[in-house]
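Remember, it's 1-based here, ligands and their atoms both numbered in the order they're listed. All values below were derived from every heavy atom in this structure, side-chain atoms included, with hydrogens, water molecules and symmetry-related copies excluded.
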Amino acid sequence: MDQLLVALDVDTAAEARALANTLRGLVGGFKIGSRLFTSQGPSIVEELAGRGDRVFLDLKFHDIPNTVAGAVAAGTRLGAWMINVHASGGAAMMRAARKAADEESARRSRPRPLLVAVTVLTSLNDQALFEVGITPDAAEQVARLAALAQATGLDGVVASPKEIAVIRRRCGKSFAIVTPGIRGAADLKSDQDRTMSAQDALAEGATYLVVGRPIIAAADPRAAAEKLVMECRAAKTS
Ligand code: C5P
């Protein structure tokens, strides 16, 4: 299922490789975030991308524009298919990221990576936002940041499935919405707060689903992914 991206939130390249080998062909790509990247470095990104896997480099860059541009260019050189930045880094930072991705991919004659912006982390609720001084509620803050990301030329956003409707209204049909925080009724929510089932997120209009622990922490990750894919297909045809 092309829309399903699995978060390889593990410590070693061996574990990541084993998960990718188990899930390849069934899922649409693999997300490499700060945990695996910090422990194993960029070689695992290059390795999977070199095998033809779609790799979402989830390092959520948030820094001054020049630094983020350099990091996005480096991710583009690694062969990442999708890269993200924090929308709250501001318009100039997002424009610099866009320019870097476009120029570096053109220089290397390879497809330009999708560039998406994190709006509000799916682990944060309204109370947690208030504590860090953000007074609009999560939905309003997400809509504002999504509109800003779109205006600066980004391809989409990362947001909770609960905010898909508000983003679709504000940004239209072709703007990509990547949604973590996917949980079935039987799954543990863990640290995620604004969650939804995979079927409901697709019905709301998610472009891509990011699923970590419900698949990678299952006793049989392939069986867990197959079950989720089957449930999504059944929901689509019903
Ligand atoms: O294990 P779980 O399904 O909660 O994994 C979700 C993944 O998506 C994690 O790798 C997390 O870092 C990432 N993510 C998120 N919320 C965001 C952006 C990324 O949960 N807003």
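Around NZ of K60, the count of heavy atoms belonging to other residues, nucleotides or ligands within 6.0 Å exceeds 12. With a 6.0 Å radius and a threshold of 12 heavy atoms from other residues, nucleotides or ligands, R24 has its CZ atom above the threshold.
Scanning the protein for heavy atoms near atom 6 (C) of ligand 1, the closest one is Q192 NE2, 3.6 Å. In terms of protein heavy-atom proximity, atom 18 (C) of ligand 1 is closest to K60 CE, 3.4 Å. Looking from atom 11 (C) of ligand 1 to the surrounding protein, the closest heavy atom is K31 NZ, 4.1 Å. Here the protein heavy atom with the shortest distance to atom 2 (P) of ligand 1 is R183 NH2, 3.4 Å. Looking at atom 16 (N) of ligand 1, its nearest protein heavy atom turns out to be T122 OG1, 2.7 Å. Ranking protein heavy atoms by distance to atom 9 (C) of ligand 1, first place goes to D9 OD2, 3.3 Å.
Formation of a donor-acceptor pair under 3.5 Å by the D63 side chain with backbone atoms of V68 is not found in this model.
Under the rule for a salt bridge (Lys or Arg N to Asp or Glu O under 4.0 Å), the partners of E47 that lie at least two apart in sequence or sit in another chain are R17. Taking R95 as the reference, nothing meets the salt bridge (Lys or Arg N to Asp or Glu O under 4.0 Å) condition, with sequence neighbours excluded.
Ion pair D155/R112 flagged as a salt bridge, since at least one NZ, NE, NH1 or NH2 atom sits closer than 4.0 Å to an Asp/Glu carboxylate oxygen. The pair D193-K162 does not meet the salt-bridge criterion, since no charged nitrogen lies less than 4.0 angstrom from a carboxylate oxygen. Classification of D58 and K31 as a salt-bridged pair holds, one side-chain N sitting under 4.0 Å from a carboxylate O.
Listed by atom number, the atoms of ligand 1 under 4.0 Å from A7 heavy atoms are 10 (O). Near P214, meaning under 4.0 Å from any of its heavy atoms, are these atoms of ligand 1: 3 (O). Atom numbering of ligand 1 starts at 1 in the shown order; those under 4.0 Å from a heavy atom of V210 are 7 (C), 8 (O). Near R213, meaning under 4.0 Å from one of its heavy atoms, ligand 1 places the atoms 1 (O), 2 (P), 3 (O), 4 (O).
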Please test K227 against D220 for salt bridge (charged side-chain N to carboxylate O under 4.0 Å, His left out), starting from the C-alpha separation and ending with a verdict.
CA-CA 11 Å; K227 184 166 173 284; D220 181 345; over 6 Å; no
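The residue from P180, G212, S190 that puts a heavy atom closest to atom 14 (N) of ligand 1 is P180.
Between D191 and ligand 1, no pair of N/O atoms sits closer than 3.5 Å.
Contact annotation: for A217 versus ligand 1, there are no heavy atoms closer than 4.0 Å.
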